[in-house]
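Contents: one structure, followed by commentary.
Both ligands and their constituent atoms are indexed starting at 1 by order of listing.
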Amino acid sequence: MRILVLGGDGYLGWPTAIHLSAAGHDVAVSDNYVRRSYDEELGASSLVPIASMDDRVAAWHEITGKKIKVYPGDLCDAPFVHSMVADYHPDTIVHFAEQRSAPYSMIDQKHAVYTQTNNVVGNLNVLYAIADVDRDIHLVKLGTMGEYGTPNIDIEEGWITINHKGRTDRVLYPKRPGSFYHLSKVHDSHNIEFACRIWGLRATDLNQGVVYGVETEATKLDPRLATRFDYDGVFGTVLNRMIVQAVLGLPLTVYGTGGQTRGLLNIVDTVECLRITCENRADKGEFRVFNQFTESMSVRQIADTIAKDYPGEATIEEIENPRVELEDHYYNAIHTALVDLGLVPTLLSETLIDSLFGIVEQNQHRIDQAAIQPTVRWRETSSELALSK
Ligand code: NAD
Ligand code: USQ
């Protein structure tokens, strides 16, 4: 199968591209490298050194003999997207290429507008390119579990059947997300569902939970194949951050009381979920949604697990929650579709946590402690406009 991976330079896009290539697919990647420029803007960088895209694909070719074509460009540039899709003519497009940090989207008005413009417009351009070039192309789009928020009822996989005043309908599951970033994903989902309805496109929206870990079978083959590992207060995700904090002897930062529960998965399951989804296409006109995570845990449970496994002393500190989110809530999200298609989950274990401690220890000299504390507060609306008044 020919697969075009958008966002192929990112934390998840790169390991997915080489996982799909290793599985025998023809793979091309595209990226505008904006993730590397957020690092410059924030004064942060990946814990693990990462090679340039050219060096990554050259290393992959040297090690495996397999070629990955690169299309550098911005998804917000419609002619670029159209010509890339026409030129590569994939069977499947895997779309990772969005601004993915909730705190980044909440920095100020400029970052909220950027996040929603980048994500919604880029996704629309992909939909139009598929509709114009070949409506048979399967779009596999990364959404997020955070689209649903934390409702007081079970979370279904994208759709829910509602009985109302004696009538029944199957509708998109109601969404109540917790950041302008998460909202951008809701807008994308609605646009994709509409495109499936009007143009007969086939699409799978993968509502993924919080990813942790950094190595996959393919990235371990050579240091030039490593993917990024973010630990800073803006892009670092909770489990990866707490591993770094434990190794540095810093308190593990639980926001608020830590009762907020999230679906989690290891990066090795992300790449497998993508392979399984690509190899099992949605039907023509179908907007299919899978909840992509393997286990759910509260933030407090994550901190307790890491503190218990760490061989040295690790303390946990509840700090004022910079976000506006429920810390005490019901959470039961269905996630059977991918398992039914063959996913064998890799659950959080002492071995996995120990290997992450090892990777962090090896790269400890690269850590900038000043980048770790959270700096973005949801209730503040600071913007350049407000400052210039
Ligand atoms: P990432 O920021 O590391 O990778 C995204 C890549 O997309 C980057 O390389 C960036 O340069 C590129 N990109 C962004 N906007 C672009 C544009 N307009 N044109 C071209 N390229 C562009 O993020 P990630 O952690 O790899 O996440 C990938 C996807 O998975 C995102 O859509 C994210 O929302 C989703 N997701 C991530 C997680 C997680 O825990 N990391 C969890 C759930 C969902
Ligand atoms: N949290 C802490 N301490 C920390 C960092 C985070 O308590 O040091 C808490 C947050 O308050 C939140 C939870 O941990 O309740 C998760 O935060 P996170 O930063 O790990 O994840 P989130 O902001 O939700 O975003 C990440 C990815 C995003 C993806 C999302 C999946 O950055 O791209 O969409 O996970 S989900 O959460 O399922 O929507």
Side-chain angles (χ1 to χ4, degrees), residues 5-16 29-39 46 53 71-77 80-81 94-106 114-115 117-119 121-123 125-126 141-150 177-179 181-182 184-185 188 206-213 227-228 230-231 233-242 244-245 252-265 267 270 274 291-293 296 298-300 302-303 317-319 321-327 333 372-374 378:
V5 179
L6 309 176
D9 190 46
Y11 170 49
L12 303 177
W14 172 246
T16 299
V29 292
S30 177
D31 209 292
N32 67 349
Y33 310 117
V34 69
R35 176 68 191 87
R36 294 178 188 246
S37 64
Y38 306 146
D39 274 350
S46 165
M53 179 54 95
Y71 290 91
D74 187 342
L75 292 190
C76 292
D77 175 352
F80 161 72
V81 179
V94 174
H95 179 12
F96 285 102
E98 298 201 330
Q99 191 300 98
R100 70 101 172 133
S101 157
Y104 189 86
S105 76
M106 301 299 290
Y114 163 75
T115 299
T117 310
N118 185 62
N119 295 0
V121 173
N123 185 59
N125 287 341
V126 173
K141 164 71 168 52
L142 270 292
T144 178
M145 283 303 294
E147 290 185 39
Y148 302 112
T150 49
S179 74
Y181 152 71
H182 287 98
S184 74
K185 296 289 195 181
D188 286 345
L206 294 173
N207 283 344
Q208 184 170 237
V210 185
V211 182
Y212 66 89
T227 195
R228 54 180 310 123
D230 299 308
Y231 63 90
V234 177
F235 273 90
T237 48
V238 61
L239 197 145
N240 285 355
R241 278 169 59 70
M242 287 182 174
V244 168
Q245 290 164 340
L252 314 193
T253 50
V254 166
Y255 295 170
T257 52
Q260 57 275 41
T261 300
R262 297 288 179 267
L264 300 177
L265 75 165
I267 192 167
T270 294
L274 267 299
N291 291 344
Q292 181 169 311
F293 69 97
S296 40
S298 72
V299 165
R300 184 74 208 195
I302 296 170
E317 189 181 6
E318 290 183 4
I319 62 172
N321 196 336
R323 307 185 182 198
V324 176
E325 58 186 352
L326 292 181
E327 289 166 19
I372 294 178
Q373 284 305 310
W378 265 224

Any N or O of Phe235 closer than 3.5 Å to N or O of ligand 1: no

Check: Arg228 side chain, Tyr11 main-chain N or O, donor-acceptor pair, under 3.5 Å: no

Option of least heavy-atom distance to atom 40 (O) of ligand 1 (set: Thr144, Leu239, Val211, Ile267): Val211

Numbered atoms and elements of ligand 1 in range of Tyr33, under 4.0 angstrom, heavy atoms: 11 (O)

Atom indices of ligand 1 within 4.0 angstrom of Gly209 heavy atoms, with elements: 42 (C), 43 (C)

Any side-chain heavy-atom pair of Lys141 and Val94 under 4.5 Å: no

Which residue and heavy atom of the protein sit nearest atom 4 (O) of ligand 1, plus the separation: Gly10 CA, 3.4 Å

Side-chain heavy atoms of Tyr212 within contact of Ile302, under 4.5 Å: no

Side-chain donor/acceptor of Thr261 to backbone N/O of Gly259, under 3.5 Å: yes

Side-chain donor/acceptor of Arg241 to backbone N/O of Ile372, under 3.5 Å: yes

Those residues that, when tested against Arg36, pass salt bridge (Lys or Arg N to Asp or Glu O under 4.0 Å) (two or more places apart): Asp9

Numbered atoms and elements of ligand 1 in range of Gly7, under 4.0 angstrom, heavy atoms: 6 (C), 7 (O)

Residue pair Asn291 / Tyr148, side-chain donor-acceptor N/O under 3.5 Å: yes

Protein residues that have a heavy atom under 4.0 Å from any atom of ligand 2, sorted by chain and number: Arg100, Ala102, Thr144, Met145, Gly146, Tyr181, His182, Gln208, Gly209, Val210, Gly236, Thr237, Val238, Arg241, Thr253, Val254, Tyr255, Gln260, Arg262, Val299, Arg323, Glu325

Residue, atom name and distance, where the atom is the protein heavy atom closest to atom 19 (N) of ligand 1: Leu75 N, 3.0 Å

For Arg35, atoms of ligand 1 separated by under 4.0 Å from a heavy atom: 2 (O), 8 (C), 9 (O), 10 (C), 11 (O)

Any N or O of Asp74 closer than 3.5 Å to N or O of ligand 1: yes

Residue and atom name of the nearest protein heavy atom (relative to atom 18 (N) of ligand 1), distance in Å to one decimal: Asn118 OD1, 2.7 Å

Steps toward side chain to side chain donor-acceptor pair (under 3.5 Å) verdict (Glu327, Gln260): CA-CA 4 Å; Glu327 289 166 19; Gln260 57 275 41; 5.1 Å; no

Under the salt bridge (Lys or Arg N to Asp or Glu O under 4.0 Å) test, residues paired with Arg323 that sit two or more places apart: none

Flag side-chain contact, heavy atom, 4.5 Å: Gln292 against Leu265: yes

Within-4.5 Å side-chain heavy-atom neighbours: Glu317 and Val254: no

Where ligand 1 meets Val34 - atom numbers and elements under 4.0 angstrom, heavy-atom basis: 10 (C), 11 (O), 13 (N), 14 (C), 15 (N)

Side chain Trp378, main chain Gly178, donor-acceptor under 3.5 Å: yes

Any N/O pair Tyr38/ligand 1 closer than 3.5 Å: no

Test side chain to side chain donor-acceptor pair (under 3.5 Å) applied to Thr270 and Gln208, step by step: CA-CA 8 Å; Thr270 294; Gln208 184 170 237; 2.9 Å; yes

Numbered atoms of ligand 1 (with element) below 4.0 Å of Gly73, judged on heavy atoms: 19 (N), 20 (C)

Atom 34 (O) of ligand 1 [closest protein heavy-atom partner, distance rounded to 0.1 Å]: Tyr181 OH, 2.6 Å

Polar side-chain atom of Ser46 near backbone of Asp230 as donor-acceptor pair, under 3.5 Å: no

Option of least heavy-atom distance to atom 26 (O) of ligand 1 (set: Asn119, Thr237, Leu12, Val29): Leu12

Sub-4.0 Å heavy-atom approach of Gly143 to ligand 1: yes

Minimum-distance protein heavy atom relative to atom 21 (N) of ligand 1: Asn32 OD1, 3.0 Å

For atom 29 (C) of ligand 1, closest protein heavy-atom neighbour: Phe96 O, 3.3 Å

Pairing residues for Lys185 by the salt bridge (Lys or Arg N to Asp or Glu O under 4.0 Å) criterion, not counting sequence neighbours: Glu98

Check: Thr253 main-chain N/O paired with Gln245 side-chain donor or acceptor under 3.5 Å: yes

Heavy-atom nearest neighbour in the protein, as seen from atom 33 (C) of ligand 1, with distance rounded to 0.1 Å: Arg100 CB, 3.3 Å

Protein heavy atom at shortest distance from atom 12 (C) of ligand 1: Asp31 OD1, 3.3 Å

Parallel, tilted or perpendicular, as decided by the 30° and 60° cut-offs, for the rings of Tyr104 and Tyr114: perpendicular

Per-atom contacts of ligand 1 with Lys185, taking only distances under 4.0 Å to non-hydrogen atoms: 31 (C), 32 (O), 33 (C), 34 (O)

Close-contact set for ligand 1 against Gln208 heavy atoms, below 4.0 Å: 36 (N), 37 (C), 38 (C), 42 (C), 43 (C), 44 (C)

